[in-house]
Chemist: 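Can you read through this structure? Questions will come right after.
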Amino acid sequence: QLQLVESGGGLVQPGGSLRLSCAASGLILDYYAIGWFRQAPGKEREGVSCISSSSGSANYADSVKGRFTISRDNARNTVYLEINSLKPEDTAVYYCAGRRTVQPMCVMTMTSWYIYWGQGTQVTVSS
């Protein structure tokens with residue numbers, strides 16, 4: 001059974017950092033593109049980052065570029081999102097999503113592109 005499970009969220013002060021994890025089971029992670037999305041209260045779900053299958057090439061939303069770093073550890077079947085220099089506007093539920101791809105690519109502008117989703121992990125940035 002394919003499953004994605006996020007962890008690592010929590011309460012952090014502005015300027016702080018967290019490392020979010022997306023642990024995959026029931027799949028070979030190298031074959032999957034993984035995206036990170038977030039949804040704040042009253043807002044639509046937005047893509048923040050994604051990492052391609054195979055090569056591990058990454059993309060970032062402008063709002064997080066330079067602050068967030070995505071990486072993958074295929075041996076551990078886990079994708080990480082390090083979120084740094086956090087701002088209150090980063091507060092959201094963060095989700096990871098996956099889709100098997102033949103080409104090394106990823107998408108972060110369309111939630112519907114992804115087939116598998118985790119349950120989300122809450123990140124709250126507040127003083």
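By convention here, the first residue in the shown sequence is residue 1. What you see is a predicted model; the values in this text were computed from it and never measured.
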Chemist: Out of N74, T101, D30, which residue meets the side chain to side chain donor-acceptor pair (under 3.5 Å) rule with S53?
Modeler: T101
Chemist: Looking at S52, is its backbone amide N or carbonyl O close enough to the side chain of S57 to form a donor-acceptor pair, meaning the two atoms are under 3.5 Å apart?
Modeler: no
Chemist: Applying side chain to side chain donor-acceptor pair (under 3.5 Å), name anything that partners D73, two or more places apart in sequence or on another chain.
Modeler: none
Chemist: What distance separates Y95 OH from L20 CG, expressed to the nearest 0.5 Å?
Modeler: 13.0 Å
Chemist: Test R72 against every option in T78, V79, N77 by the side chain to side chain contact (heavy atoms under 4.5 Å, CB included) rule and name the one that passes.
Modeler: V79
Chemist: Return the minimal non-hydrogen interatomic distance between I34 and C96, and the atom names on each side.
Modeler: CG2-CB, 4.3 Å
Chemist: Do R99 and W113 make a side-chain contact, defined as non-hydrogen atoms from C-beta onward lying under 4.5 Å apart?
Modeler: yes
Chemist: Show, in sequence, the C-alpha distance, side-chain angles and deciding distance for L27 and Q3, and conclude whether the side chain to side chain contact (heavy atoms under 4.5 Å, CB included) test is met.
Modeler: CA-CA 8 Å; L27 69 135; Q3 187 176 17; over 6 Å; no
Chemist: Side chains of C50 and Y114: does their closest heavy-atom pair fall under 4.5 Å?
Modeler: yes
Chemist: Is it true that K65 and D62 have a side-chain N and a carboxylate O under 4.0 angstrom from each other?
Modeler: yes
Chemist: Rest of the hydrophobic cluster containing L11 (Ile/Leu/Val/Met/Phe/Trp/Tyr, side-chain heavy atoms under 4.5 Å)?
Modeler: none
Chemist: Can a donor-acceptor pair be found, under 3.5 Å and without considering hydrogens, that links the side chain of Q119 to the backbone of V5?
Modeler: no
Chemist: Shortest non-hydrogen contact from S21 to W36?
Modeler: O-CH2, 3.6 Å
Chemist: Once ring-ring contact (aromatic ring centres under 6.0 Å, His included) is applied, do any residues pair with W117, and if so which ones, sequence neighbours excluded?
Modeler: F37
Chemist: Any side-chain heavy atom of M105 sitting closer than 4.5 Å to one from V107?
Modeler: yes
Chemist: Between Y60 and I70, is there a side-chain heavy-atom distance shorter than 4.5 Å?
Modeler: yes
Chemist: Looking only at heavy atoms, what is the nearest atom pair of S17 and S85, with distance?
Modeler: OG-N, 4.1 Å
Chemist: With rounding to the nearest 0.5 Å, note down the distance linking OG in S25 to CG in L4.
Modeler: 7.5 Å
Chemist: Scan I83, L81, D90 and name whichever one has a side chain to side chain contact (heavy atoms under 4.5 Å, CB included) with V123.
Modeler: I83
Chemist: Please tell me if the side chains of V125 and P14 come closer than 4.5 Å, counting only heavy atoms from C-beta onward.
Modeler: yes
Chemist: Flag yes if Y31 and Y116 sit in one hydrophobic cluster, no otherwise; membership is Ile, Leu, Val, Met, Phe, Trp, Tyr, and two members link when side-chain heavy atoms are under 4.5 Å apart.
Modeler: yes
Chemist: Are Q13 and L86 packed together at the side-chain level, in the sense that at least one heavy-atom pair is separated by less than 4.5 angstrom?
Modeler: no
Chemist: Could you measure the distance from the OG atom of S7 to the OH atom of Y94? Nearest 0.5 Å is fine.
Modeler: 15.0 Å
Chemist: Do I51 and V48 belong to the same hydrophobic cluster, where Ile, Leu, Val, Met, Phe, Trp and Tyr are linked whenever their side-chain heavy atoms lie under 4.5 Å apart, directly or via other members?
Modeler: yes
Chemist: Would you call R38 and S63 a side-chain contact if the rule is heavy atoms closer than 4.5 Å?
Modeler: yes
Chemist: Is L2 close to Y32 at the side-chain level, that is, under 4.5 Å between some pair of heavy atoms?
Modeler: yes
Chemist: Looking at every non-hydrogen atom in both residues, tell me the closest pair between C106 and N59 and how far apart they are.
Modeler: SG-ND2, 3.5 Å
